[in-house]
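To keep things clear, I will list the structure first and then write my remarks on it.
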Amino acid sequence: MSDQTTYDAIVVGSGITGGWAAKELTEKGLKTLVLEAGRPIVPERDYVEHVPAWEMKFRGLGDRRRLKQDQPIQSTCYACDEWSSKFFVSDKEHPYTTEAGKPFRWIRGRQVGGRSIMWGRQSYRWSDLDFEANLRDGIAIDWPIRYADIAPWYDYVEDFAGISGEALGLPQLPDSKFLPPMTMNCGERFVRNTLAKHFSGERVLTIGRAAILTQDHRGRAACHYCGPCERGCITRSYFSSLNATLPAAEKTGHMTLRPFSVVHSVSFDAKTRRATGVRVIDSQTRKAVEFRARVIFLCASALESVRILLNSSTEEFSNGLANSSGELGHNLMDHVKAGGADALIPCYEDHIEAGRRPNGVYMPRFRNVKNKSGDFLRGYGFQGSGYRRGWDRGISETGFGADFKKSLRTPGPWRFRFYGFGECLPRHSNFVELDRETVDAWGIPTLKIHCSWSENELALRNDMAVSAAEMLAALGGRDIQPFAEEEPPGFAIHEMGTARMGRDPKTSVLNSFNQAHDVKNLFITDGGAMVSSSCVNPSLTYMALTARACDYAVQQMKRGEL
Ligand SMILES: Cc1cc2nc3c(=O)[nH]c(=O)nc-3n(C[C@H](O)[C@H](O)[C@H](O)COP(=O)(O)OP(=O)(O)OC[C@H]3O[C@@H](n4cnc5c(N)ncnc54)[C@H](O)[C@@H]3O)c2cc1C
Ligand code: SF4
């Protein structure tokens with residue numbers, strides 16, 4: 001079956017990047033078809049952030065038998081609990097394979113809004129420390145852009161999304177256009193002030209920079225600190241496609257959003273050397289449908305967009321469409337984490353921490369910033385929080401009687417936790433390919449993922465434990481518990497790099513505007529485009545690159561070049 005309409009644009013996926021592409025293209029007047037594999041989400045029905053544990057069938061503990069059978073991989077993610085497991089895929093319907101001894105945890109959401117519903121909202125700009133890193137270290141290829149190219153687009157997306165945070169003036173972590181910051185609690189302020197003195201300003205603690213509104217903004221309400229954002233947000237106080245970009249696209253009257261539309265592949269006309277449209281399997285009827293458009297934006301996430309292109313092979317592109325470089329699917333990166341430390345800290349026993357601030361604190365990268373430090377390249381930042389121990393002490397402390405009960409009602413001591421996120425180097429040997437033997441619930445070949453950490457990532461993780469413990473010791477911390485856990489790639493949920501940008505079509509898939517070198521009317525604006533991984537959360541950069549690519553594509557269309 002073929003839909004005879006020729007759209008101006010097709011956007012594949014409606015998560016963070018698809019939502020932005022939909023908004024930008026429709027606001028510029030393009031008749032845009034957004035194809036989303038998953039179901040529609042109705043906030044009034046599906047958001048569950050205000051449902052208390054006692055109203056849940058398993059009192060918030062989750063149906064462990066069902067999770068083990070249906071979501072054994074997804075349920076390893078902290079956010080996939082009894083409330084929000086419905087926003088994560090069924091691992092049975094969405095299989096993938098890995099090389100023996102090289103696990104990869106692929107955490108996904110398939111619904112309108114994608115992972116923008118469950119994301120952690122931490123939003124940081126990248127800097128030239130990141131955009132120049134490959135060139136400086138002689139690793140992989142150079143980014144074709146610098147901070148100055150993307151800075152106006154950070155301004156642009158931040159102005160719409162609303163990012164709260166504190167300006168610091170640090171070169172390695174440029175300031176955003178901030179809404180007022182959330183407040184640090186007194187334990188965190190103690191850590192901030194003590195470390196500032198002890199490390200002569202090298203180690204700065206700030207409130208997390210988050211896509212959460214601290215004041216009413218563009219028709220969306222300020223956050224009321226209810227806490228569990230990964231379950232949705234009926235006041236639309238955090239940025240998601242559902243809360244912000246898709247309603248803006250809808251308002252233009254130019255968007256057609258089609259859920260249940262699993263894009264199988266992109267069709268290509270070898271004569272005109274253009275993508276002509278996409279082939280879709282309707283997940284409800286299981287019928288094949290084709291859609292046509294002048295320009296196609298793949299925003300299905302770094303691995304899913306590549307899977308679509310690998311499934312779109314032609315005679316000329318036998319290893320996947322737009323893959324004359326041979327780099328499609330390669331250079332897969334994720335952030336290395338699970339290194340840090342936790343300790344009791346000596347402060348404010350007379351102060352109680354109250355409220356459910358949906359944000360932690362952040363320490364920007366300090367390794368290899370000004371001077372070479374450590375036996376590794378690049379660096380890491382720390383997320384963290386200061387907190388008083390509460391009821392959870394009962395699990396480790398035993399006792400009985402009135403005194404024991406009273407002690408549990410008394411706030412516990414202050415603790416502080418540093419949790420690192422480190423940069424992963426791009427390597428050709430970390431890659432995905434099609435596994436034709438393993439198909440998903442719609443019969444589409446899925447991915448085999450080959451990915452492992454190098455010595456550099458493992459050294460970063462060990463250093464996270466060492467430097468975190470060192471800082472907690474400097475604070476006078478006790479019961480210091482450093483950790484450097486063995487955790488496979490994928491679990492930072494920042495997968496990227498599989499269709500990298502570059503200046504040379506021989507070594508990259510996309511040009512500096514996310515446009516495929518080989519197929520000019522094809523754009524990939526999700527994490528696939530990244531050339532290195534920085535150590536900060538990537539989604540804000542995906543948003544800025546998407547808005548920039550849409551602007552470029554529309555300009556090219558107007559000039560008749562597309
Ligand atoms: C628990 C959690 C916490 C996170 N915290 C942060 C954070 O604090 N900061 C940060 O920067 N990032 C964070 N992330 C990562 C962030 O969610 C992703 O980087 C971001 O969502 C990627 O955007 P995307 O548009 O590429 O993909 P997604 O948001 O995943 O959207 C992809 C969409 O494409 C659809 N799709 C896939 N395949 C097809 C197909 N074949 N046909 C049609 N549609 C398809 C999917 O259904 C989905 O809706 C977090 C993620 C999770 C899960
Ligand atoms: S953003 Fe604020 S109001 Fe919305 S779910 Fe999170 S804590 Fe609640």
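Ligands are counted one by one from 1 in listed order, and the atoms in each one are counted from 1 as well.
Evaluation of the side chain to side chain donor-acceptor pair (under 3.5 Å) rule for R500 yields N331 as partners, not counting sequence neighbours. Evaluation of the ring-ring contact (aromatic ring centres under 6.0 Å, His included) rule for W153 yields Y156 as partners, not counting sequence neighbours.
Checked for salt-bridge contact, R461 and E487 miss the test: no charged N lies under 4.0 Å from a carboxylate O. One finds a salt bridge joining R307 and D440 here, because a Lys/Arg side-chain nitrogen approaches an Asp/Glu carboxylate oxygen to under 4.0 Å. Contact check on R105 versus D334 returns no salt bridge, with no Lys/Arg side-chain nitrogen under 4.0 Å from an Asp/Glu carboxylate oxygen.
Ring-plane geometry between H494 and F421 is classed as tilted, the angle between the planes lying from 30 to 60 degrees on a 0 to 90 degree scale. Using cut-offs of 30° and 60° on the angle between ring planes, the pair H50 and H224 is tilted. Ring orientation note: the planes of F131 and W126 are tilted relative to one another, at an angle of 30° to 60°.
Closest protein heavy atom to atom 9 (N) of ligand 1: Q122 O, 2.9 Å. From the protein, the heavy atom lying nearest to atom 36 (N) of ligand 1 is A300 CB, 3.9 Å. The protein non-hydrogen atom at the shortest distance from atom 16 (C) of ligand 1 is S539 OG, 3.4 Å. V263 N, 3.7 Å is the protein heavy atom nearest to atom 40 (C) of ligand 1. Among all protein heavy atoms, the one lying closest to atom 24 (P) of ligand 1 is T17 OG1, 3.6 Å. Among all protein heavy atoms, the one lying closest to atom 51 (C) of ligand 1 is I493 CG2, 3.6 Å. Shortest contact from atom 35 (C) of ligand 1 to any protein heavy atom: E36 OE1, 3.5 Å. In terms of protein heavy-atom proximity, atom 5 (N) of ligand 1 is nearest to G120 N, 2.7 Å.
Close approach of ligand 1 to E304 is summarised as follows: ligand atoms under 4.0 Å from at least one heavy atom of the residue are 37 (C), 38 (N). The S261 neighbourhood of ligand 1 comprises atoms 42 (N), 43 (C), with distances under 4.0 Å to a heavy atom of that residue. The S301 neighbourhood of ligand 1 comprises atoms 26 (O), 27 (O), with distances under 4.0 Å to a heavy atom of that residue. Those atoms of ligand 1 that come under 4.0 Å of a heavy atom in V12, given as number and element, are 42 (N), 43 (C). Residue contact check: L35 has heavy atoms under 4.0 Å from atoms 43 (C), 44 (N) of ligand 1. Under a 4.0 Å criterion applied to the non-hydrogen atoms of D526, ligand 1 contributes the atoms 26 (O). Atoms of ligand 1 found under 4.0 Å from any heavy atom of Y542, numbered from 1 in the order shown, are 19 (O). Close contacts of ligand 1 with M118, meaning ligand atoms under 4.0 Å from a residue heavy atom, involve 1 (C), 2 (C), 3 (C).
The shortest separation from a heavy atom of Y124 to ligand 1 is not under 4.0 Å, leaving the residue out of contact. Using a 4.0 Å heavy-atom cutoff, G232 is listed among the residues neighbouring ligand 2. Ligand 1 has Q111 within reach: a non-hydrogen atom of the residue lies less than 4.0 Å from it. Ligand 1 lies nowhere less than 4.0 angstrom from a heavy atom belonging to E230.
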Take Y362 and N537 through the test side-chain hydrogen bond (donor to acceptor under 3.5 Å, both in side chains) and record every step on the way to the result.
CA-CA 11 Å; Y362 189 70; N537 306 59; 5.4 Å; no

May I have the step-by-step check of ring-ring contact (aromatic ring centres under 6.0 Å, His included) for Y542 and W20, ending in yes or no?
CA-CA 9 Å; Y542 304 166; W20 268 103; over 10 Å; no

Let's go through C424 and V336 carefully: what are the C-alpha distance in whole Å and the side-chain angles of both, what is the deciding distance for side chain to side chain contact (heavy atoms under 4.5 Å, CB included) to 0.1 Å, and is it a yes or a no?
CA-CA 6 Å; C424 170; V336 59; 5.7 Å; no

Run the salt bridge (Lys or Arg N to Asp or Glu O under 4.0 Å) check on E304 and R110 step by step: do they pass?
CA-CA 11 Å; E304 290 289 10; R110 267 208 173 189; 3.5 Å; yes

Is there a salt bridge (Lys or Arg N to Asp or Glu O under 4.0 Å) between E188 and R357? Walk through the geometry before answering.
CA-CA 13 Å; E188 292 160 350; R357 188 189 67 199; 2.8 Å; yes

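In this structure, S241 and S14 approach most closely via the heavy-atom pair OG-O, 3.1 Å.
Here W119 and Y238 keep their ring centres 6.0 angstrom or further from each other.
The shortest N or O to N or O distance between L540 and ligand 1 is not below 3.5 Å. Taking only nitrogen or oxygen atoms, main chain and side chain alike, R110 reaches within less than 3.5 Å of ligand 1. Between N537 and ligand 1, at least one pair of N/O atoms sits closer than 3.5 Å. Taking any N or O of G113, backbone or side chain, none lies under 3.5 Å from an N or O belonging to ligand 1. For ligand 1, the polar-atom distance check finds an N/O of A37 within less than 3.5 Å of one of the ligand's N/O atoms. For ligand 1, the polar-atom distance check finds no N/O of F88 at less than 3.5 Å from any of the ligand's N/O atoms. Annotation: W119 places no N or O atom under 3.5 Å from an N or O atom of ligand 1; distance criterion only.
Distance alone, capped at 3.5 Å, places no donor-acceptor pair between the E495 side chain and the L303 backbone.
Atom CD1 of I10 is separated from atom OG1 of T256 by 10.5 Å, given to the nearest 0.5 angstrom. Between atom OG of residue S261 and atom CG of residue L33 there is a gap of 7.5 Å, rounded to the nearest 0.5 Å.
Within the 4.0 Å heavy-atom criterion, the part of C299 lying near ligand 1 is the backbone and not the side chain. Proximity of H494 to ligand 1, defined as any heavy-atom pair under 4.0 Å, is confined to the side chain (atoms from C-beta onward).
The number of heavy atoms from other shown groups lying within 6.0 Å of CD (E437) does not exceed 12.
Around atom 6 (Fe) of ligand 2, the protein contributes the following N, O or S atoms at distances under 2.8 Å: C229 SG.
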Just distance, no hydrogens or angles: give the donor-acceptor pairs under 3.5 Å from side chains in residues 441-449, sequence neighbours left out.
from	atom 1	to	atom 2	distance (Å)
T446	OG1	P95	O	2.7

